[in-house]
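To start, the structure under review is shown below, and the notes come after it.
Residue numbers start from 1 in every chain, and the chains themselves are labelled A, B, ... in the order their sequence lines are given, proteins ahead of strands. Remember, predicted model here, so these are calculated numbers, not experimental data.
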2 protein chains.
Amino acid sequence: MATVKESSTNQINKRLVNTRCPVTFIAHRMGNRWKPLVIRELFQGTRRYGELKRAIPAVTEKMLIQTLKELEADGIINRKAMPVVPPHVEYNLTECGKDLEPVITEMVKWSLKYNIQ
Amino acid sequence: MATVKESSTNQINKRLVNTRCPVTFIAHRMGNRWKPLVIRELFQGTRRYGELKRAIPAVTEKMLIQTLKELEADGIINRKAMPVVPPHVEYNLTECGKDLEPVITEMVKWSLKYNIQ
DNA sequence: CAGGATCCCTAATGATACTG
DNA sequence: CAGTATCATTAGGGATCCTG
């Protein structure tokens, strides 16, 4: 269905008071270990579960699923499950997710300037 | 002195493999509970320790100090201590810290668009 | 193939008391 | 005023095994 569910508090900083702070708001949505990697991967296009897993080898199944669930609940990605056997599930970015591009672009600029390695 | 120290790995995601990912890089530097709030406050100008504490009432002394130390070690803020009694310490953004402004600007734009509350 | 369910560990944060 | 120090808590993440 991939309907955008009501704002899901994910597990980062649950008790954070400052939900109106934009930086905090966005940190809730892409500020953990795996979300940015998944989002970046989905910027390339639609991906299946297994493709994401292979693209991000270090992630465990538990964390990948958890990450995908949260991104879906936050309306950043869509999940499309085809009713076939074996299962076939696709993930892609919503408009909301695609709108993260300028944010990521600026992050990349800053990182390229200061990430000396 | 406020010299920029060598890249300090802070405590977020210590074992993260992907240090070359820009999003990860920046998440290390402003991706915890208090850093964004401190940075945002310092965008307004120089602040004393006590002013920061009052501006962010929910932060504990321990976390505020820890946050400030890490931001300083990462070259994002400067710490200037005046040798007087009682102590007088000022914090402000470095050039590197100020360069976070476009990043924050884009975050704010996205948040204003999708933060429905 | 695409997940769920459990158990476990440690990093991140908090509470409280103390100090130059 | 601007911190330290110590102890306690919790949430994020990992390992492993299981299933429609």
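DNA chain D lies under 4.0 Å from at least one heavy atom of each of the following residues of residues 42-56 of chain B: B/Arg48, B/Tyr49, B/Gly50.
Applying the side chain to side chain donor-acceptor pair (under 3.5 Å) criterion to B/Glu90, with sequence neighbours excluded, gives B/His88. Every residue meeting the side chain to side chain donor-acceptor pair (under 3.5 Å) condition with A/Asp99, not counting sequence neighbours, appears here in chain and number order: B/Lys113, B/Tyr114. Applying the side chain to side chain donor-acceptor pair (under 3.5 Å) rule to B/Glu41 yields the partners B/Arg47; only residues at least two apart in sequence or on another chain are considered.
Residue A/Val89 has its side chain nearest to C/dA2 when only D/dG3, C/dT13, C/dA2 are considered.
No donor-acceptor distance shorter than 3.5 angstrom exists from the side chain of B/Glu72 to the backbone of B/Lys69, with no hydrogens or angles considered.
Contact between the side-chain N/O atoms of B/Arg33 and the OP1/OP2 oxygens of D/dA11 is not found at any separation under 4.0 Å. Residue A/Arg79 places at least one side-chain N or O closer than 4.0 Å to OP1 or OP2 of C/dG3. Checking the phosphate oxygens (OP1, OP2) of D/dC1, no side-chain nitrogen or oxygen of B/Tyr91 falls inside 4.0 Å.
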Enumerate all atom pairs, one protein N or O and one N or O from nucleotides 15-20 of chain C, separated by less than 3.5 Å.
residue: C/dA17; atom: N6; partner: B/Glu61; partner atom: OE1; Å: 3.4

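Rounded to whole angstrom, the span from the NZ atom of A/Lys35 across to the C1' atom of D/dG13 amounts to 13 Å. Atom NZ of A/Lys80 is separated from atom C1' of C/dC1 by 17 Å (rounded to the nearest Å). For the pair B/Ile65 CD1 and D/dT6 P, the interatomic distance rounds to 16 Å; values are reported in whole Å.
At least one side-chain heavy atom of A/Leu52 sits under 4.5 Å from a side-chain heavy atom of A/Leu68.
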- Kindly indicate, with the supporting measurements, whether the criterion side-chain contact (heavy atoms from CB on, under 4.5 Å) is fulfilled by A/Ile76 and A/Lys35. CA-CA 10 Å; A/Ile76 291 172; A/Lys35 282 180 187 176; over 6 Å; no
Cut-off 3.5 Å, no hydrogens considered: what does the side-chain donor-acceptor table look like for residues 55-62 of chain B, sequence neighbours left out?
residue: B/Thr60; atom: OG1; partner: B/Met63; partner atom: N; Å: 3.2

